[in-house]
Amino acid sequence: RFRDFFSKAPDEVNANVVIWAIPESPAFPAHLHGRQVLIIGGTYAGPVERGEEILPPLRQFDEPILDMSSPMPYFALQQLFDPFFRKGEHLQYWKAIYLDGLHDESIDAILRGCAARPSARSLLAMWALGGAMARVAADATPIGDRTAPFLLEIIGTWHDGADTDRNIAWVRQLFETMHRFSSGKTNLNFSGAGEDNEPFVRAAFGIHYPRLAAVKQTYDPADMFRLNQNIATSAT
């Protein structure tokens with residue numbers, strides 16, 4: 001239903017789906033802590049009255065256990081998840097991949113992957129893209145092709161260092177599984193631990209990578225600006 005809603009939504013709508021377990025937080029009723037949920041987030045960037053006409057279908061897929069809908073400043077929207085990812089409180093390992101579509105088969109793979117996660121604090125987020133983003137020509141910016149209709153974020157989050165290996169393995173395995181539903185393009189915000197930096201960056205920039213490597217060689221041959229998702233000066 002989310003997929004079908006977004007196929008007809010105007011450009012002003014930004015929406016995502018999050019599969020998670022409600023964290024133990026005073027922000028939520030205690031009797032819901034730990035409950036597995038599907039969170040549907042929708043934002044209308046425009047007049048409140050028009051948003052109240054466009055977004056109601058997202059609230060009517062089923063009977064919600066919580067409805068947190070309200071008008072809010074964009075800055076407040078950006079901070080909604082901050083209380084649940086405080087610096088130093090948890091261990092993290094994240095990857096993301098653009099999907100060619102949100103088909104029944106890919107939805108099944110996402111749900112199976114989510115059910116296998118070792119930590120209830122880990123989550124999966126699917127962002128609907130398209131719209132104005134998809135109308136930017138592939139050769140107009142270094143980021144290249146923007147036509148993927150969805151982005152899947154695999155957010156590994158856990159607390160005990162003894163669980164690190166299996167949580168990282170879960171993220172990597174699901175990331176690899178989802179390649180069959182993708183061109184392989186990655187999102188630069190989700191690089192894991194940077195252990196596979198060059199293949200990751202190549203996948204993010206695609207056919208533009210050699211051009212960017214030539215720019216890097218010209219303007220930064222000593223590789224001074226390297227504490228990032230780096231393009232190696234030796235790359236071709």
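Just so it is clear, the model here is predicted, and its values are computed rather than measured. No hydrogens, no waters, no symmetry mates; every other heavy atom, side chains included, goes into these values.
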State whether the side chain of S122 and the backbone N or O of T157 hold a donor-acceptor pair below 3.5 Å, judged by distance alone. yes
In plain terms, say whether E198 and R202 are close enough for a salt bridge, that is, a side-chain N and a carboxylate O under 4.0 Å apart. yes
Of all heavy-atom pairs between W127 and N14, which one has the smallest distance, and what is that distance? CZ3-OD1, 3.3 Å
Would you tabulate the side-chain donor-acceptor contacts of residues 184-191 under 3.5 Å, counting partners in other chains and residues two or more places apart, or write 'none'?
| unit_1 | atom_1 | unit_2 | atom_2 | d |
| --- | --- | --- | --- | --- |
| K185 | NZ | I143 | O | 2.7 |
| K185 | NZ | A204 | O | 2.6 |
| T186 | OG1 | F200 | O | 3.0 |
| T186 | OG1 | A204 | N | 3.2 |
| N187 | OD1 | N189 | N | 2.9 |
| N187 | ND2 | Y98 | OH | 3.0 |
| S191 | OG | Q229 | NE2 | 3.3 |

Which one of L152, I97, L151 satisfies the side chain to side chain contact (heavy atoms under 4.5 Å, CB included) criterion with S182? I97
Taking ring pair (Phe, Tyr, Trp, His ring centres under 6.0 Å) as the definition, give me every residue that meets it alongside H103, ordered by chain and number, with sequence neighbours left out. none
Give a yes or no on this: more than 12 heavy atoms of other residues, nucleotides or ligands lie within 6.0 Å of atom CD of Q173. no
Other residues, nucleotides and ligands only: do more than 12 of their heavy atoms fall within 6.0 Å of CG on D165? no
Group every Ile, Leu, Val, Met, Phe, Trp and Tyr by side-chain heavy-atom contacts under 4.5 Å, then state whether I207 and Y209 land in the same group. no
Kindly compute the distance separating CZ (F150) from CD1 (I107), expressed to the nearest 0.5 Å. 8.0 Å
L124 CG to I155 CD1 distance, which is reported to the nearest 0.5 Å: 8.5 Å
Quick one: sort the H179 and F175 rings into parallel, tilted or perpendicular, breaks at 30° and 60°. perpendicular
Grab the two heavy atoms, one from L58 and one from F61, that are nearest each other, plus how far apart they are. CD2-CZ, 3.8 Å
Atom CE of M68 with >12 non-hydrogen neighbours under 6.0 angstrom: no
Evaluate the side-chain contact (heavy atoms from CB on, under 4.5 Å) criterion for residues I231 and F205: first the C-alpha distance (whole Å), next the side-chain angles of each, then the deciding distance (0.1 Å), finally the verdict. CA-CA 10 Å; I231 295 174; F205 288 117; 4.0 Å; yes
Roughly how far, to the nearest 0.5 Å, is the CH2 atom of W170 from the OH atom of Y93? 12.0 Å
Would you give me the side-chain donor-acceptor pairs under 3.5 Å for residues 40-50, sequence neighbours excluded?
| unit_1 | atom_1 | unit_2 | atom_2 | d |
| --- | --- | --- | --- | --- |
| R50 | NH1 | E53 | OE1 | 2.8 |

Rounded to the nearest 0.5 Å, the CG atom of D100 sits from the CZ atom of R180 at a distance of 12.5 Å
Show me the donor-acceptor pairs, under 3.5 Å and distance only, between side chains in residues 16-29 and residues at least two apart or in other chains.
| unit_1 | atom_1 | unit_2 | atom_2 | d |
| --- | --- | --- | --- | --- |
| W20 | NE1 | R121 | O | 3.0 |
| S25 | OG | A27 | N | 3.1 |

Output yes when a side-chain donor or acceptor of N197 lies under 3.5 Å from a complementary backbone atom of N230, and no otherwise. yes
Are L77 and F81 linked, directly or through other ILVMFWY residues, by side chains that come within less than 4.5 angstrom of each other? yes
Test your reading of the model: is there a side-chain donor-acceptor pair from R117 to the backbone of C114, 3.5 Å cut-off? yes
With the threshold set at 4.0 Å, does a side-chain nitrogen-carboxylate oxygen contact exist between R166 and D163? yes
Under a plain distance cut-off of 3.5 Å, with no hydrogens placed, do T141 and R146 share a side-chain donor-acceptor pair? yes
Stepwise side-chain contact (heavy atoms from CB on, under 4.5 Å) test for R135 and D11: CA-CA 11 Å; R135 294 195 289 273; D11 283 359; 2.4 Å; yes
Which heavy atom of I54 sits nearest to which heavy atom of P10, and what is that distance? CG2-CD, 4.2 Å
Non-neighbouring partners of H33 that pass ring pair (Phe, Tyr, Trp, His ring centres under 6.0 Å), sequence neighbours left out: none
If you measure from NZ on K95 to CD1 on I154, what distance do you get to the nearest 0.5 Å? 9.0 Å
Just by modelled atom types, is the S119 backbone N or O under 3.5 Å from a matching donor or acceptor in the H159 side chain? no
For S106 and G101, the nearest pair of non-hydrogen atoms, with its separation, is OG-O, 3.6 Å
Might you point out which heavy atoms bring G161 and T164 nearest each other, and give the distance in Å? O-OG1, 2.9 Å
When every non-hydrogen atom of E52 is compared with those of P56, the smallest separation belongs to O-CG, 2.9 Å
L80-W94 co-clustered via ILVMFWY side chain contacts under 4.5 Å: yes
To the nearest 0.5 Å, what is the distance between OG1 on T147 and CG on L129? 10.0 Å
Linking Ile, Leu, Val, Met, Phe, Trp and Tyr by side-chain heavy atoms under 4.5 Å, what else ends up with F225? M224
